[in-house]
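Working notes, beginning with the structure itself.
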Amino acid sequence: MNTELRLAGVIRESIVDGPGWRFVVFVQGCPHHCLGCQNPQTHSFDEGYITTVENIVNAVKEDGLLTGVTLSGGEPFTQAKPLTVLAREIRKLGLDVMAFSGYTYEELINGATEENGWLELLSELSLLIDGRFVESQKSLELRFRGSRNQRIIDVQKSLSTNTVVLSELN
Ligand code: SF4
């Protein structure tokens, strides 16, 4: 539980970062550099601050109204191993965990290694909103997403059927 995370910040209660009432963890560091990114301050891998899984879990426990935790960024999959530890603790509380990623689902599945821990993190997620932000496909009408290429994926159904299953939230 004293596993370290490098974060850009958190939002303790959000209704715009996934279904329900959510605690949002913004990780620090992103390799994608999408044109028009809304969070350029999260790109550097040296900035932000260090905290622990324990601190985040305690903050989540203080709020009895939460539906779940959203991992955002930055790129959560650059810290997949500590976030897997976090996700397991959050799920023990009966809450769900979802993530945004600039990687597509297929990139994460095909690029998963023992070292990067991508599959282990995916295995803990209910939903994944995937793909880089593409400014030419930007839309303000999309639920939870910034651009039309991004998808809301039902991760558990996708893993069990070995195909991409979209969530009905799309
Ligand atoms: S993946 Fe997200 S945080 Fe990273 S550059 Fe693209 S929009 Fe910004």
Side-chain angles (χ1 to χ4, degrees), residues 3-20 22-51 53 56 59-60 68-87 90 96-113 115-155 158-159 164-167 169-170:
T3 307
E4 290 191 342
L5 292 163
R6 182 178 287 274
L7 300 188
V10 301
I11 294 179
R12 285 173 175 260
E13 290 178 345
S14 166
I15 55 164
V16 297
D17 294 284
R22 310 194 68 86
F23 189 103
V24 188
V25 175
F26 293 92
V27 310
Q28 181 71 35
C30 181
H32 302 300
H33 300 286
C34 308
L35 218 65
C37 170
Q38 301 288 303
N39 298 318
Q41 73 284 0
T42 66
H43 293 183
S44 162
F45 285 92
D46 302 320
E47 293 173 33
Y49 63 95
I50 304 291
T51 187
V53 165
I56 302 296
V60 169
V69 171
T70 297
L71 310 176
S72 188
E75 172 52 68
F77 282 82
T78 61
Q79 298 185 56
K81 286 193 172 177
L83 289 175
T84 300
V85 178
L86 173 65
I90 297 300
D96 80 284
V97 181
M98 60 173 280
F100 287 80
S101 176
Y103 294 111
T104 62
Y105 180 83
E106 291 86 346
E107 285 174 324
L108 291 170
I109 291 290
N110 295 330
T113 63
E115 200 183 326
N116 64 31
W118 288 355
L119 193 56
E120 286 73 15
L121 180 55
L122 274 176
S123 304
E124 301 299 329
L125 302 180
S126 53
L127 299 173
L128 175 76
I129 298 179
D130 81 332
R132 292 154 188 77
F133 172 69
V134 178
E135 202 161 30
S136 60
Q137 296 189 52
K138 178 178 173 178
S139 170
L140 298 176
E141 287 160 20
L142 298 168
R143 206 175 186 190
F144 309 134
R145 292 163 290 159
S147 58
R148 286 199 179 79
N149 59 297
Q150 296 169 325
R151 306 168 292 183
I152 309 176
I153 293 171
D154 183 322
V155 179
S158 299
L159 288 173
V164 176
V165 179
L166 296 183
S167 159
L169 295 171
N170 278 276

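Read the numbers this way: they start at 1 and go in the same order the structure lists the ligands and their atoms.
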Would you say the side-chain atoms of Ser167 and Asn170 include a donor-acceptor pair closer than 3.5 Å? no
List in chain and number order the residues that pass side-chain hydrogen bond (donor to acceptor under 3.5 Å, both in side chains) with Thr70, two or more places apart in sequence or in another chain; answer none if no residue qualifies. Arg22
Do any pairs count as a side-chain hydrogen bond (donor to acceptor under 3.5 Å, both in side chains) and have a residue in residues 35-49, sequence neighbours left out, and if so which ones? His33-His43
In this structure, is the centre-to-centre distance between the rings of Tyr103 and His32 below 6.0 Å? yes
What residues form a side-chain hydrogen bond (donor to acceptor under 3.5 Å, both in side chains) with Gln79, not counting sequence neighbours? none
Strictly less than 4.0 Å: does any protein heavy-atom distance to atom 2 (Fe) of ligand 1 fall in that range? no
With a 6.0 Å cut-off (strictly less than), is the heavy-atom count around CD1 of Ile50, excluding the residue itself, greater than 12? yes
Among protein atoms, how many N/O/S atoms lie less than 2.8 Å from atom 8 (Fe) of ligand 1? 1
